[in-house]
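What follows is one structure encoded as C-alpha cells, with my remarks underneath.
Just so it is clear: chains get the letters A, B, ... in the order the sequence lines come, proteins before strands, and each one is counted from 1.
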There are 2 protein chains.
Amino acid sequence: MTVTEPATEPLIRIGEVARGAGVSVRAVRYYEQQGLLTAERSPSGQRLYRQDAVTMVRFFQQMYAAGLTSQRIAELLPCWDAGHTDADQRAMLRAERDRIQAKVDDLQAALDRLDEVIGITDTHP
Amino acid sequence: MTVTEPATEPLIRIGEVARGAGVSVRAVRYYEQQGLLTAERSPSGQRLYRQDAVTMVRFFQQMYAAGLTSQRIAELLPCWDAGHTDADQRAMLRAERDRIQAKVDDLQAALDRLDEVIGITDTHP
DNA sequence: CTTGCCCCTGACGTCAACGTCAGGTTTTAG
DNA sequence: CTAAAACCTGACGTTGACGTCAGGGGCAAG
C-alpha cells in the first residue's frame, strides 16, 4: 500500500469530456482558450482532463445560458474552488445574480404577454 | 361634426418613437426593415408613425429579450392584431412559450447555483 | 443666409460563442 | 500493418440586433 499515491484517477480525453457534457469538442478547446479549463498534455500533445472537467463544462454551460460571458465565469471560478471571496468578487456575484433575477422577471412578463395573445386567440376558435 | 373623419391622431417622427420606447433611431429603422413596423412617409420622405408605434416597439423589445427573432415576432404579429390564429400559429406560440419557460427554469437553476456559491463564501468571512 | 437639429439611404463594423474547413499527427480496432 | 477514428493547430465563417460612419437633404430660428 503506497499511501503517498492518492489513487490516480484515470484522465480522460477531450472527446469524452465533450460527450459527457453534451457539447462539441471545439467548445471544450474554446473554454481552455478562455482560461476556464486547464488540461495536462500527453507526450504527443493531446489534452488530458480529470473526471470533474465534465462537471465544470456543465457549469459553464449553465452560466452561459444565464448570460454570463467567459470573462465573468473566469472571474467567479476562484470563488468556486477557493471557497472564499473578497469584496469585489462578492459585489460581482451579487450584480450578476440581480441581473439574472431581472432577466427572469422580464421573461416571465414576456411569457404572460404570449399567454395573453394565446388566451385571446383561444377565446375565438 | 364630420362623422366620416375619425379625429386624425397626430403622427410622430422616428426620433419621438425612439425616445418614447427607449431605443435608438437605428433600431426603429431596423424593425421596419424586418417587417415589424410600417410607416407612412411625409412628402420629403420622412417616416411618420402613429402613436401606438411606441407600444409596438416596447413589445418588440420584450420579445427580443425573451429570445425571439425578428422573424418569429413578425410571425406572431398577425395573431396580435387579427385576434385569431390558425393551427400553425398556435403551435408556434406554444413552442415559443415552452422555450421561454424552459429558459426561465434554466435561469432559476443558474441563480440557485450562484446563490450556492455566495452562500458558501458567505459562511467563510 | 446660416446655424443647428432632425431626417434620409447605404454600407461596413461589432461582439460572443462557437462552427467549419484545411492539413497534418496519433491512437485504436481488426 | 492498415484503415478508421480521434486529436492537433491555425484561421476564417456564422448569426442577430443593432452601432457607426459617410454623404446629403429639409426646415425653423435668429
Exercise for the section: Provide, to the nearest angstrom, the distance between the CD1 atom belonging to B/Ile12 and the P atom belonging to C/dC7. Expected result: 11 Å

Exercise for the section: With heavy atoms under 4.0 Å as the rule, sort A/Arg29 into base, sugar-phosphate or nothing. Expected result: base

Exercise for the section: Ignoring backbone atoms, test whether B/Ser70 places a side-chain nitrogen or oxygen under 4.0 Å from the OP1 or OP2 oxygen of D/dA17. Expected result: yes

Problem - Sugar-phosphate, base or nothing in reach of A/Leu36, heavy atoms under 4.0 Å - result: nothing

Practice task
Answer yes or no: are there more than 12 heavy-atom neighbours, outside B/Glu32 itself, under 6.0 Å from its atom CD?
Solution key: yes

Handout entry: Contact nearer the 5' end of DNA chain D, comparing A/Gly45 with B/Thr69
Key = A/Gly45

Practice task
Nearest whole angstrom, please: distance from the P of D/dG16 to the CZ of B/Phe60.
Solution key: 18 Å

Exercise for the section: Answer with base, sugar-phosphate or nothing: what part of the nucleic acid does A/Arg19 contact at a heavy-atom distance below 4.0 Å? Expected result: nothing

Exercise for the section: May I have the distance from A/Ile73 (atom CD1) to C/dA16 (atom P), rounded to whole angstrom? Expected result: 12 Å

Exercise for the section: Quick one: label B/Arg72 by what it contacts on the DNA or RNA (base, sugar-phosphate, nothing), any heavy atom closer than 4.0 Å. Expected result: nothing

Practice task
Report yes if a side-chain nitrogen or oxygen of A/Arg47 is closer than 4.0 Å to either non-bridging phosphate oxygen (OP1 or OP2) of D/dC8; otherwise report no.
Solution key: yes

Completion exercise
Correct closest heavy-atom pair for A/Tyr31 and A/Val23 would be OH-CG1, 4.4 Å

Problem - Side-chain donor/acceptor of B/Gln89 to backbone N/O of B/Asp86, under 3.5 Å - result: yes

Practice task
Give a yes or no answer on whether the side chain of A/Arg97 reaches the backbone of B/Asp112 with a donor-acceptor pair at less than 3.5 Å.
Solution key: no

Contact list (N/O, under 3.5 angstrom) for nucleotides 2-5 of chain C vs protein:
none

Practice task
State yes or no: do A/Leu77 and A/Tyr64 share one hydrophobic cluster built from I, L, V, M, F, W and Y residues joined by side-chain heavy-atom distances below 4.5 Å, directly or via other members?
Solution key: yes

Practice task
Provide, to the nearest angstrom, the distance between the OH atom belonging to A/Tyr49 and the C1' atom belonging to D/dC8.
Solution key: 11 Å

Fill in the blank from the handout: Heavy-atom contacts, protein to nucleotides 18-30 of chain C, under 4.0 Å, summarised as B (base), S (sugar-phosphate only) or - (none) per nt, yield BBB-----SS---

Problem - Residue A/Gln71 excluded, over 12 heavy atoms near CD under 6.0 Å - result: no

Practice task
For B/Leu48, report the nucleic acid contact type (base, sugar-phosphate, nothing); a contact means any heavy atom under 4.0 Å.
Solution key: nothing

Practice task
Measure from CD on B/Glu16 to P on C/dC6 and round the result to the nearest Å.
Solution key: 12 Å

Practice task
Measure the distance from CZ on B/Arg41 to P on C/dC8 and round it to the nearest whole Å.
Solution key: 6 Å

Problem - Atom pair CG/CD of B/Leu114 and A/Gln101 - distance to nearest 0.5 Å - result: 11.5 Å

Exercise for the section: Taking the side chain as every heavy atom from C-beta outward, state whether B/Gln46 and B/Arg13 have any atom pair closer than 4.5 Å. Expected result: yes

Problem - Rounded distance (Å) that lies between atom C1' of C/dC7 and atom CD of B/Glu40 - result: 17 Å

Exercise for the section: Give every residue pair that meets the salt bridge (Lys or Arg N to Asp or Glu O under 4.0 Å) criterion with at least one member in residues 48-70 of chain B, sequence neighbours excluded. Expected result: B/Arg50-B/Asp52

Practice task
Can you figure out which of C/dC7, D/dT9, C/dA17 approaches the side chain of B/Ile14 most closely?
Solution key: C/dC7

Fill in the blank from the handout: Residues B/Leu107 and A/Val104: closest non-hydrogen pair is CB-CG2, 3.6 Å

